[in-house]
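Here is the structure we will look at.
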Amino acid sequence: MTSTTIIPDPDRNLALELVRTTEAAAMSAARQMGRGDKIAADQAAVNAMRLMFNTVDMDGIVVIGEGEKDEAPMLFNGERLGTGALPQVDIAVDPIDGTRLTALGLPGAVAVVALAERGTMYNPKHLVYANKIAVGPRARGTIDINAPVKDNLVKVAKALGKDLHDLTVVILDRDRHKNLIRDVRECGARIKLISDGDVAGALSTVFSDTGEDILMGIGGSPEAVITAAALKCVGGELQCKMWARDEKERLKALDFDIDLNRVLTTNDLVAGNNVFFAATGITDGQLVGGVRYEGNSIHTSSIVMRSLTGTIRRIESQHFLDKLNLVTNIYDQA
């Protein structure tokens, strides 16, 4: 008698459903590109994303809802999304990673969402910033957020087979990074300063054709969780420590029993094994192209990933405005 190996049927790849939410957010937000109104762009993205989320068969709770630190429109923490059917999931969302970029018509703005099993996403509570270091899969295992800058750069360069002087470090262009920028320059490494959008900045370290090797510095804590989900899908690594802006936030962290010296790893931030991530470009960037309007059609560029299989898909989509407006008018708001 011949034994037969039973291979289970593949389950749903929710990333392929989530990309509809990021496409919707991107198409709505891009209508506001360059108009100088961050709030209007964010509101358009939030409205579109919420609408599409509630068509997905899932019982989702928003653990990371962007908007708290700048009082922007948001999908709020604790909000339930989806039809209420299984699976039960945690959601981390940023309808626009780069609201200022969108408002000014600058490159690199994306709509992003991550999803994992219920109870597996870290909640930074009131702490809206974190000190981060992130690399792609080829440099995984080489970073230590507590180590000197030079030690990290030397190890990452070695892992990537690069001379230290050819290494490119992505850093948010902020006054608080003055010492970090000085230390990197003293090492002889190159720096790419970005004005906003450190989810895309961290994810760019995954792909060799971007020329970006490591992200360092203090950015949003919601973005840290979203980034961890993305990097978990591709085998990258992120370490971070929550960062208090002032004494009031430090004392509140003590009340919540949050250790500001604790190093949070990728798995601390997103402990799930079945993680999904989707991002759609709003304005042109290195990872994905921006939204294009051509008469009645809209073109979007997206990337979707899943940790369980390690699959990365790039999706180029053409949408037709007249047909979309039979369902909703959110895409046609000027």
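Just so we're clear, the structure is a prediction, and the values are computed from it rather than from any experiment.
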Item to complete: Go through Arg250 and Glu247 one step at a time and tell me if the salt bridge (charged side-chain N to carboxylate O under 4.0 Å, His left out) criterion holds.
Response: CA-CA 5 Å; Arg250 189 189 71 81; Glu247 183 65 10; 2.6 Å; yes
Discussion item. I'd like to check Thr311 versus Cys233 (side-chain heavy atoms, cut-off strictly below 4.5 Å). Are they in contact?
Written reply: no
Worksheet item: Between Arg118 and Asp59, is there a donor-acceptor pair closer than 3.5 Å when you use the side chain of the first and the backbone of the second?
Response: yes
Worksheet item: Heavy-atom distance under 4.5 Å between the side chains of Phe53 and Leu18, does that happen here?
Response: yes
Worksheet item: Do the charged groups of Asp213 and Lys162 touch, with an N to O distance under 4.0 Å?
Response: yes
Practice prompt. Test side chain to side chain contact (heavy atoms under 4.5 Å, CB included) on Ile191 and Thr168 and set out the steps.
Written response: CA-CA 5 Å; Ile191 295 175; Thr168 299; over 6 Å; no
Worksheet item: For the atom pair CG (Asp37) and CD (Gln43), what is the distance rounded to the nearest 0.5 Å?
Response: 10.5 Å
Practice prompt. Following the transitive rule for hydrophobic clusters with a side-chain heavy-atom cut-off under 4.5 Å over Ile, Leu, Val, Met, Phe, Trp and Tyr, establish whether Val288 and Met305 coincide in one cluster.
Written response: yes
Fill in: Salt bridge present between Asp166 and Arg190 (N-O < 4.0 angstrom)
no
Discussion item. If hydrophobic clusters are built from ILVMFWY residues whose side chains come within less than 4.5 Å, do Leu308 and Val19 share one?
Written reply: no
Discussion item. Is there a salt bridge (charged side-chain N to carboxylate O under 4.0 Å, His left out) between Asp144 and Lys155? Walk through the geometry before answering.
Written reply: CA-CA 10 Å; Asp144 178 356; Lys155 289 179 179 178; over 6 Å; no
Practice prompt. Consider only side-chain heavy atoms of I, L, V, M, F, W and Y, link residues closer than 4.5 Å, and tell whether Phe320 and Met52 are in one cluster.
Written response: no
Worksheet item: Is the shortest heavy-atom distance from the side chain of Ile91 to the side chain of Val63 under 4.5 Å?
Response: no
Worksheet entry | Arg31 NZ/CZ over Tyr293 ring centroid, <6.0 Å and within 45° of normal | yes
Practice prompt. Can you establish whether the number of heavy atoms outside Met58 located under 6.0 Å from its atom CE is more than 12?
Written response: yes
Worksheet item: Just one of Glu316, Gln318, His319 clears the side-chain hydrogen bond (donor to acceptor under 3.5 Å, both in side chains) bar with His299, so which one?
Response: Glu316
Worksheet item: Does Glu249 use its side chain to pair, donor to acceptor, with the backbone of Arg245 at less than 3.5 Å?
Response: yes
Worksheet entry | Under 3.5 Å: donor-acceptor pair, side chain of Gln32, backbone of Ala29 | no
Worksheet, complete the sentence: For Leu104, the other hydrophobic cluster members (4.5 Å side-chain criterion, sorted by chain and number) are Leu101, Leu106
Worksheet item: Has the side chain of Ser307 got a donor or acceptor atom that lies under 3.5 Å from a matching backbone atom of Asn273?
Response: yes
Worksheet item: Can you check whether Ile218's main-chain N or O pairs, donor with acceptor, with His177's side chain at less than 3.5 Å?
Response: yes
Discussion item. Treating Thr227 as the side-chain partner and Glu223 as the backbone partner, does any N or O pair qualify as donor plus acceptor under 3.5 Å?
Written reply: yes
Worksheet item: Within 45° of the ring axis of Phe207 and under 6.0 Å from its six-membered ring centre, is that where the NZ or CZ of Arg138 lies?
Response: no
Discussion item. Exactly one of Ile171, Val170, Val199 should register a side-chain contact (heavy atoms from CB on, under 4.5 Å) with Leu215. Which one does?
Written reply: Val170
Discussion item. In the structure I gave you, are the side-chain heavy atoms of Val291 and Met33 within less than 4.5 Å of one another anywhere?
Written reply: no
Practice prompt. For salt bridge (charged side-chain N to carboxylate O under 4.0 Å, His left out), just list the numbers for Asp198 and Lys132, CA-CA rounded to whole Å, side-chain angles, deciding distance to a tenth of an Å, and then say yes or no.
Written response: CA-CA 10 Å; Asp198 63 347; Lys132 315 172 195 177; 2.6 Å; yes
Worksheet item: Taking the side chain from Arg174 and the backbone from Ser195, do they hold a donor-acceptor pair closer than 3.5 Å?
Response: yes
Worksheet item: When you check the gap from the basic side-chain N to the acidic O, do Glu79 and Arg50 get nearer than 4.0 Å?
Response: yes
Practice prompt. Would you tell me whether Thr280 and Ser302 have side-chain atoms, one donor and one acceptor, within less than 3.5 Å of each other?
Written response: yes
Discussion item. Could you check whether Asp259 pairs with Lys241 (Lys NZ or Arg NE/NH1/NH2 to Asp/Glu carboxylate O, under 4.0 Å)?
Written reply: no
Worksheet item: Can you tell me if Glu117 uses its side chain to pair, donor with acceptor, with the backbone of Asp90 under 3.5 Å?
Response: no
Worksheet item: Is the closest side-chain heavy-atom distance between Asp97 and Asp94 below 4.5 Å?
Response: yes
Discussion item. Hydrophobic cluster membership, with links at side-chain heavy-atom distances under 4.5 Å among I/L/V/M/F/W/Y: are Val89 and Leu16 in one?
Written reply: no
Worksheet item: With distance as the sole test, does Glu212 use its side chain to make a donor-acceptor pair with the main-chain N or O of Thr205 at under 3.5 Å?
Response: no
Discussion item. Under the criterion side chain to side chain donor-acceptor pair (under 3.5 Å), I'd like the reasoning laid out for Asp42 against Thr99: C-alpha separation, chi angles, the key distance, then a yes or no.
Written reply: CA-CA 7 Å; Asp42 219 13; Thr99 50; 5.5 Å; no
Discussion item. Using a 3.5 Å distance criterion without hydrogens, assess whether the side chain of Thr266 forms a donor-acceptor pair with backbone atoms of Leu238.
Written reply: yes
Worksheet item: Any side-chain heavy atom of Tyr122 sitting closer than 4.5 Å to one from Leu264?
Response: yes
Worksheet item: Shared ILVMFWY cluster between Met242 and Met121, side chains joined below 4.5 angstrom?
Response: yes
Practice prompt. Show your reasoning for whether salt bridge (charged side-chain N to carboxylate O under 4.0 Å, His left out) applies to Lys38 and Asp196.
Written response: CA-CA 13 Å; Lys38 295 195 299 182; Asp196 299 276; over 6 Å; no
Item to complete: State plainly whether the residues Asp163 and Lys158 are in salt-bridge range, i.e. N to O under 4.0 Å.
Response: no
